[in-house]
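Numbered from 1 within each chain, the chains take letters A, B, ... in sequence-line order.
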There are 2 protein chains.
Amino acid sequence: MNVSEAIELLNDKGFKTTSRRKDILTYFFDADGYRTAKELMQHMEAIHEGISFDTVYRNLNIYHEIGILESTELNGEKLFRMNCTNEHHHHFICKECGKTKEIALCPMDDIKGTLKNYYIEGHKFEIYGLCPGCLSA
Amino acid sequence: MNVSEAIELLNDKGFKTTSRRKDILTYFFDADGYRTAKELMQHMEAIHEGISFDTVYRNLNIYHEIGILESTELNGEKLFRMNCTNEHHHHFICKECGKTKEIALCPMDDIKGTLKNYYIEGHKFEIYGLCPGCLSA
DNA sequence: TTACAAATCGAAACCATTACGATATGATTA
DNA sequence: TAATCATATCGTAATGGTTTCGATTTGTAA
């Protein structure tokens with residue numbers, strides 16, 4: 001998803017377009033990987049002096065709710081990235097730079113049969129490590 | 001792992017055996033599934049009036065470090081359970097009662113080939129939902 | 001350009017977890 | 001068994017990430 005698609009979705013849902021919202025979207029579009037609220041906050045403080053936690057966290061949650069961002073949780077901290085918008089898939093996540101690599105294979109396909117009588121609400125499959133770039137650096 | 005095996009391991013590592021430590025182990029042995037620090041705290045307060053956060057969290061971390069407990073993270077909270085001590089495997093986790101079902105299949109076996117040049121540090125695969133017991137209740 | 005709902009600010013509150021000085025206790029040794 | 005001492009625990013304060021709130025500002029529809 002790119003920035004203008006995200007703004008369009010934001011408007012469709014009845015949210016206003018503000019400079020802070022645009023800058024948050026641009027940040028994640030450029031990031032191309034997972035980022036923490038803290039990292040976003042630091043970036044935003046540089047261009048909007050005095051920006052509040054409220055603004056950052058509220059917008060992260062809105063973006064996640066309406067599908068602009070996807071999120072995961074690592075070491076007690078939430079991470080966000082632009083939504084991939086394509087087929088169901090999983091991610092390798094670089095612990096150094098946050099960049100991701102899509103994993104097309106979903107283990108659920110092979111497992112559903114072994115969970116008869118269970119209600120499956122969701123699943124999480126993620127691989128952590130270092131990407132080739134960070135590995136050579 | 002049962003309580004006496006856990007106590008033996010604790011002693012081998014040079015830790016002392018206290019009534020609190022034994023009661024924590026018994027709690028997890030009986031629980032047969034994931035529990036939060038809060039749930040443990042509530043249980044412990046009933047049998048050791050005035051028990052401190054320090055005691056609960058410190059022992060959870062010690063138990064996790066030496067492999068008595070395994071842990072995961074859900075909604076910003078850590079969950080702990082007795083270590084299964086057998087082959088590498090994953091879990092279905094019941095969101096209602098915390099009970100788990102082992103999933104023998106590990107998706108990493110099929111995926112390692114697609115991550116040449118990546119350093120793989122770890123992975124997480126978990127399935128969430130309701131177990132048959134909670135489903136019928 | 002007005003009007004008003006929605007967004008933002010600044011700061012406090014919240015929740016899970018960690019840390020710390022003082023005291024108590026398990027286990028080793030005499 | 002009693003003395004010793006490192007370790008465990010208590011009571012409480014601090015921390016880190018996140019959420020919430022009243023007051024003010026700002027998009028946007030009329």
**Item:** A/F80 and A/Y63: CA distance, side-chain angles, deciding distance, ring pair (Phe, Tyr, Trp, His ring centres under 6.0 Å) verdict
**Value:** CA-CA 10 Å; A/F80 297 89; A/Y63 288 169; 9.4 Å; no
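Dashed line: the shortest gap from a side-chain N or O of B/N11 to OP1 or OP2 of C/dG26 is not under 4.0 Å. Taking 4.0 angstrom as the limit, B/N75 places none of its side-chain polar atoms (N or O) nearer than this to OP1 or OP2 of C/dA16. Side-chain N/O atoms of B/N61 include one lying less than 4.0 angstrom from OP1 or OP2 on C/dT18. Distances shown here put a side-chain N or O of B/T55 below 4.0 Å from the OP1 or OP2 atom of D/dC10. For A/R58, a side-chain nitrogen or oxygen approaches OP1 or OP2 of C/dT8 to under 4.0 Å. Within the structure, every side-chain polar atom (N or O) of B/Y57 is placed at least 4.0 Å from both OP1 and OP2 of C/dT18.
Within the 3.5 Å criterion, the main-chain N or O of B/P132 finds no donor-acceptor partner in the side chain of A/N117. Remark: the backbone N or O of A/I93 is not paired with any side-chain donor or acceptor of A/E126 at under 3.5 angstrom.
At whole-Å resolution of the value, CD1 in A/I62 and P in D/dG27 are 16 Å apart. Atom CE of B/M41 and atom C1' of D/dT9 are 12 Å apart (whole Å). Rounded to an integer number of Å, the gap from B/E39 CD to C/dT17 P is 11 Å. Rounded to an integer number of Å, the gap from CG of A/D54 to P of D/dT26 is 16 Å. Rounded to a whole Å, the CG atom of B/L40 is 11 Å from the P atom of C/dT17. We find that CE of B/M44 is positioned 11 Å from C1' of D/dT9, with the value rounded to whole Å. Rounding to whole angstrom units, NE2 of residue B/H48 and P of D/dA8 are separated by 16 Å. Atom CD1 in A/I7 sits about 13 Å away from atom P in D/dG27, given to the nearest Å.
Of all heavy-atom pairs spanning B/M41 and B/I51, the tightest one is CE-O, 3.3 Å. Contact detail for B/E73 and A/N75: the closest heavy-atom pair is OE1-N, 3.4 Å.
Put simply, the residue from A/H123, A/E102, A/K101 that forms a side chain to side chain donor-acceptor pair (under 3.5 Å) with A/H90 is A/H123.
Closest approach to the B/F53 side chain among C/dT18, C/dC9, D/dT19 is made by C/dT18 (side chain taken as heavy atoms from C-beta onward).
Heavy-atom distances under 4.0 Å link DNA chain D to A/K16, A/T17 of residues 12-33 of chain A, given in residue order.
Linking Ile, Leu, Val, Met, Phe, Trp and Tyr residues whenever their side-chain heavy atoms come within less than 4.5 Å places A/F53 and A/I47 in a single cluster. In the hydrophobic clustering of this structure, B/Y34 does not group with B/F28; members are Ile, Leu, Val, Met, Phe, Trp, Tyr whose side-chain heavy atoms approach within less than 4.5 Å, directly or through other members.
Each end of the helix from C/dT1-D/dA30 to C/dA30-D/dT1 gets its own axis from five base pairs, and the two axes differ in direction by 30°, given to 10 degrees.
To the nearest 0.5 Å, atom CG of residue B/L40 and atom CG of residue B/N59 are 9.0 Å apart. Note that CG of B/L25 and CD1 of B/I7 are 6.0 Å apart. Values are rounded to the nearest 0.5 Å.
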